[in-house]
Number of protein chains: 4
Amino acid sequence: MKRVAKREPKRKNVALSVPPKSHVSRDLILRVAAQLFRQQGYSATTLRQIADKAGMKAGSIYYHFDSKTAILDEILELGLQRIFDAVKASVNDLGKGSHRNKISAAIKAHLVTLLQESDYTSANMRVYGQLPERIKKRHRPLRRAYGKYWDDMLVDAQRAGEIRPEILIVPLRRFILGAMNWTVEWFDARKNSSVQDLADRTTLLIFNGILPH
Amino acid sequence: MKRVAKREPKRKNVALSVPPKSHVSRDLILRVAAQLFRQQGYSATTLRQIADKAGMKAGSIYYHFDSKTAILDEILELGLQRIFDAVKASVNDLGKGSHRNKISAAIKAHLVTLLQESDYTSANMRVYGQLPERIKKRHRPLRRAYGKYWDDMLVDAQRAGEIRPEILIVPLRRFILGAMNWTVEWFDARKNSSVQDLADRTTLLIFNGILPH
Amino acid sequence: MKRVAKREPKRKNVALSVPPKSHVSRDLILRVAAQLFRQQGYSATTLRQIADKAGMKAGSIYYHFDSKTAILDEILELGLQRIFDAVKASVNDLGKGSHRNKISAAIKAHLVTLLQESDYTSANMRVYGQLPERIKKRHRPLRRAYGKYWDDMLVDAQRAGEIRPEILIVPLRRFILGAMNWTVEWFDARKNSSVQDLADRTTLLIFNGILPH
Amino acid sequence: MKRVAKREPKRKNVALSVPPKSHVSRDLILRVAAQLFRQQGYSATTLRQIADKAGMKAGSIYYHFDSKTAILDEILELGLQRIFDAVKASVNDLGKGSHRNKISAAIKAHLVTLLQESDYTSANMRVYGQLPERIKKRHRPLRRAYGKYWDDMLVDAQRAGEIRPEILIVPLRRFILGAMNWTVEWFDARKNSSVQDLADRTTLLIFNGILPH
DNA sequence: AATGAATGAGAGTTCATTCAT
DNA sequence: GATGAATGAACTCTCATTCAT
């Protein structure tokens with residue numbers, strides 16, 4: 001409360017660019033917390049579990065964060081920002097691709113980030129829906145923005161005739177994101193085939209459906 | 001532990017078929033618990049919240065159930081059984097329909113049960129993945145059976161040429177169920193258009209994808 | 001509180017002398033409660049355990065007793081009264097025996113009642129010391145009376161020269177009763193040799209000690 | 001469960017030998033718990049009572065112990081170990097005494113430790129018999145060892161002709177220990193005369209009995 | 001930067017007790 | 001006489017949080 005978590009501790013070793021110890025611990029806490037949140041949910045995860053995994057004592061966490069919620073907030077933010085950035089980046093990298101290619105790139109970026117890049121992202125997707133309104137509220141703007149990004153992309157594609165005209169955009173976006181996000185429930189990086197492969201199959205299903213033409 | 005929850009107490013009022021009081025309370029507890037589990041998750045839900053919603057005191061719940069976990073177990077079982085039954089029933093009702101019609105019926109039954117019929121079902125889908133292994137284990141057989149039911153249906157359709165041959169069945173089943181289950185995250189019966197409408201749109205997307213032919 | 005436990009329910013079947021049902025249940029409750037109190041102590045024993053053993057439901061006990069404490073009170077009273085009666089009876093039966101014979105008879109009666117006749121008695125001995133003052137108080141008069149009975153008997157014996165004069169009576173009484181009461185801690189009627197045998201050995205030790213003469 | 005109670009935390013103040021804070025609290029908890037267990041029994045004693053007496057809150061106890069049972073276990077162990085050590089020590093101190101002197105020393109050490117030295121010991125003696133089998137089991141080996149120690153000592157004395165030959169050792173040991181242990185039920189250090197005095201009288205009774213020679 | 005020790009609120013659970021039937 | 005269903009208080013235990021060191 002009174003103590004403000006320092007995000008930018010005074011650096012001593014600028015020259016050598018050694019990251020300050022505090023920064024390292026902070027990141028570690030976030031990482032293990034994200035992992036636990038994803039596996040067990042937010043409220044089933046205790047600060048002691050987080051501390052254990054991070055090799056410290058529960059009390060020490062409070063040097064880096066003001067509360068359990070503060071950790072959650074940062075994870076939610078980071079997770080969504082990361083997936084958003086990845087999607088935008090991979091779409092932009094295409095340059096002037098077809099709408100179809102853009103959507104395809106977005107799908108792949110979303111899935112890869114979700115399943116392979118970042119526990120933050122998967123924690124976000126899995127935990128968000130069960131959070132109390134109070135917490136959700138803070139993250140809604142970014143969520144909306146991400147939704148809008150997809151909507152815009154899909155609208156453009158539909159206008160260009162690359163999506164059938166009778167399809168409504170918002171339900172479509174929910175369908176696509178839902179099909180992807182649900183993979184968190186079962187995908188296991190150690191057991192399943194590659195994320196790339198999964199992304200390819202998913203893209204195909206979304207584009208062409210299951211029926212033969 | 002020792003006390004066995006009685007599901008079929010000796011009825012005195014057979015003629016009038018008045019459900020015994022205990023059965024009513026038991027059902028009420030299950031129903032409100034399912035609702036809360038769905039909204040907040042299992043471990044964020046307290047027995048006192050359940051009791052409040054059911055109009056009784058926390059201790060009274062223990063007359064009907066042995067533990068919080070026992071409530072969860074019954075909800076998980078009921079939820080999956082219900083969706084399974086509904087899907088089977090609506091597929092069987094078709095009689096000798098095309099594979100396409102069967103899949104379509106299954107999708108609708110799954111979605112309707114999930115979103116409209118039963119909190120048990122939506123609680124199940126939403127909560128299951130974050131549960132400790134120990135609890136999951138008990139419900140895995142039924143989950144597997146339900147997956148197999150879909151797989152069989154999809155395999156038959158593919159053999160009959162109604163699903164493109166290059167599509168792998170297991171990932172396909174996960175795609176379909178995932179797209180449906182995720183609706184629990186955002187669908188609000190009060191705000192959104194009808195479940196039927198959602199089911200129709202979903203079926204179309206699964207069958208035909210988004211691309212124009 | 002308001003309802004008074006009926007100890008003398010209106011008898012319908014005086015002629016046939018069939019004990020009224022209520023009396024039977026009441027006795028049963030007392031008996032199983034005494035057994036449990038002896039084994040586990042008073043506060044570790046629950047009314048549900050008592051009810052289970054008596055083949056009824058916890059609530060039903062309240063038809064016969066006002067509270068758990070009321071059961072305890074009656075057991076304590078019965079237990080001590082029984083041992084007291086038995087001891088007095090067996091001493092009186094001797095008629096004009098020697099002091100030595102009286103003491104010997106008292107020892108045997110105490111031990112036999114304690115270990116073989118009555119769970120009430122053993123429950124009493126085992127439980128009394130750990131009870132709150134409030135409960136103990138009610139039973140102190142009878143306890144004192146029993147103690148005095150022994151003291152009188154021992155004083156008489158000492159006056160008659162059958163107990164060495166340098167021995168103080170009160171510590172002696174405590175020594176004798178303690179040595180006997182402690183047997184409750186280990187004596188198991190199913191495994192050990194007869195109570196009679198134990199009584200004989202105990203008497204010998206008390207009279208002659210361990211040293212050879 | 002996972003947390004192991006540290007009995008030997010790294011000391012900083014070796015020189016001054018200031019006991020670490022945690023050790024002090026731990027000991028305090030054990031001490032007041034033993035006192036309460038002895039007075040009221042194990043299951044009538046609540047953690048809040050223990051905490052109150054120790055000047056802390058109930059939850060804080062869990063920093064030092066894993067459960068109420070863990071406290072009990074340690075008390076039982078400590079209590080028996082202490083009496084065992086005291087008896088062995090005082091017998092060994094005699095050097096080459098007569099058997100009679102050894103037994104006399106053992107009796108005194110047992111009684112003094114029981115009534116004057118240690119609440120752990122008296123709690124042990126008073127509480128053990130009413131404990132559930134599960135808990136008793138853990139402490140049976142030490143109990144057996146203590147019993148054997150007495151048996152050996154008594155057998156030696158009998159072989160040397162210092163105990164009458166017709167006396168059976170095991171019942172004798174039970175008689176002696178029982179007569180001593182029962183003192184816990186009534187002895188009050190504030191009201192009664194000295195423990196030493198009690199020990200002397202008890203020894204005399206055990207050795208010579210009550211009859212004049 | 002981190003820990004040891006504690007706290008207070010609240011968790012799931014138990015239990016003596018009540019009372020309408 | 002006995003039960004089914006419930007209550008309220010208290011229980012053991014957990015957990016986010018605090019703070020002196």
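In this text, all values refer to a predicted model and were calculated from it rather than measured experimentally. Proteins come first, then strands; the chains are lettered A, B, ... in the order of their sequence lines, and each starts at number 1.
Between B:Ile61 atom CD1 and F:dG4 atom P the separation is 20 Å, expressed in whole Å. A straight line from CG of C:Leu47 to C1' of F:dA2 spans 15 Å, rounded to a whole angstrom. The separation between D:Lys68 atom NZ and E:dT13 atom C1' is 14 Å, rounded to whole Å. Across the protein-nucleic acid pair, A:Asp66 atom CG and F:dT17 atom P stand 10 Å apart, rounded to whole Å. Rounded to whole angstrom, the span from the CD1 atom of D:Ile50 across to the C1' atom of E:dA6 amounts to 17 Å. Distance, D:Asp52 CG to F:dT12 P: 12 Å, rounded to whole Å. A straight line from CG of B:Leu72 to C1' of E:dA11 spans 16 Å, rounded to a whole angstrom. If you take OH of A:Tyr62 and P of E:dA5, they are 19 Å apart, rounded to a whole angstrom.
A:Thr69 comes within 4.0 angstrom of no nucleic acid atom, judged by non-hydrogen atoms across all strands. Using a 4.0 Å heavy-atom criterion, one finds that D:Thr45 contacts the sugar-phosphate atoms exclusively. Across all strands, B:Ser60 comes closer than 4.0 Å to base atoms (heavy-atom distances).
Under 4.0 angstrom from either OP1 or OP2 of F:dT12 there lies no side-chain N or O belonging to D:Arg48. Regarding contacts with the backbone of E:dG4, a side-chain N or O of A:Lys57 is found under 4.0 angstrom from either OP1 or OP2. The phosphate of E:dA1 (OP1 or OP2) has no side-chain N or O of A:His23 nearer than 4.0 angstrom. OP1 or OP2 of E:dA5 has not a single side-chain nitrogen or oxygen of D:Ser25 nearer than 4.0 Å. OP1 or OP2 of E:dA6 sits under 4.0 Å from a side-chain N or O of D:His64. Residue D:Tyr63 places no side-chain N or O under 4.0 Å from the OP1 or OP2 atom of E:dA6.
A:Leu131 contributes atom CG, which lies 8.5 Å from atom CG of A:Asp73 (distance to the nearest 0.5 angstrom). Of the inter-residue distances, the one linking D:His64 atom NE2 with D:Glu74 atom CD reads 12.0 Å to the nearest 0.5 angstrom. A distance of 15.5 Å separates OH in B:Tyr128 from CD1 in B:Ile75, rounded to the nearest 0.5 Å.
Searching all strands for a Watson-Crick or G-U wobble partner of F:dA20 with both distances below 3.5 Å returns E:dT3.
For the pair C:Gly55 and A:Gly59, nearest-nucleotide mapping onto DNA chain F gives the more 5' position to C:Gly55. Annotation: of the two residues near DNA chain E, B:Ser67 and C:Ser43, the 5′-most nearest-nucleotide partner is B:Ser67. Comparing D:Thr46 and C:Met56 against DNA chain F, the residue whose closest nucleotide sits nearer the 5' end is C:Met56.
Contact between C:Ser67 and C:Tyr62 at its shortest, heavy atoms only, is CA-CE2, 4.1 Å.
Looking at heavy atoms from C-beta onward, B:Ile61 lies out of side-chain contact with B:Lys68 at the 4.5 angstrom threshold.
For the pair D:Lys57 (side chain) and D:Ala51 (backbone), a donor-acceptor distance under 3.5 Å is absent.
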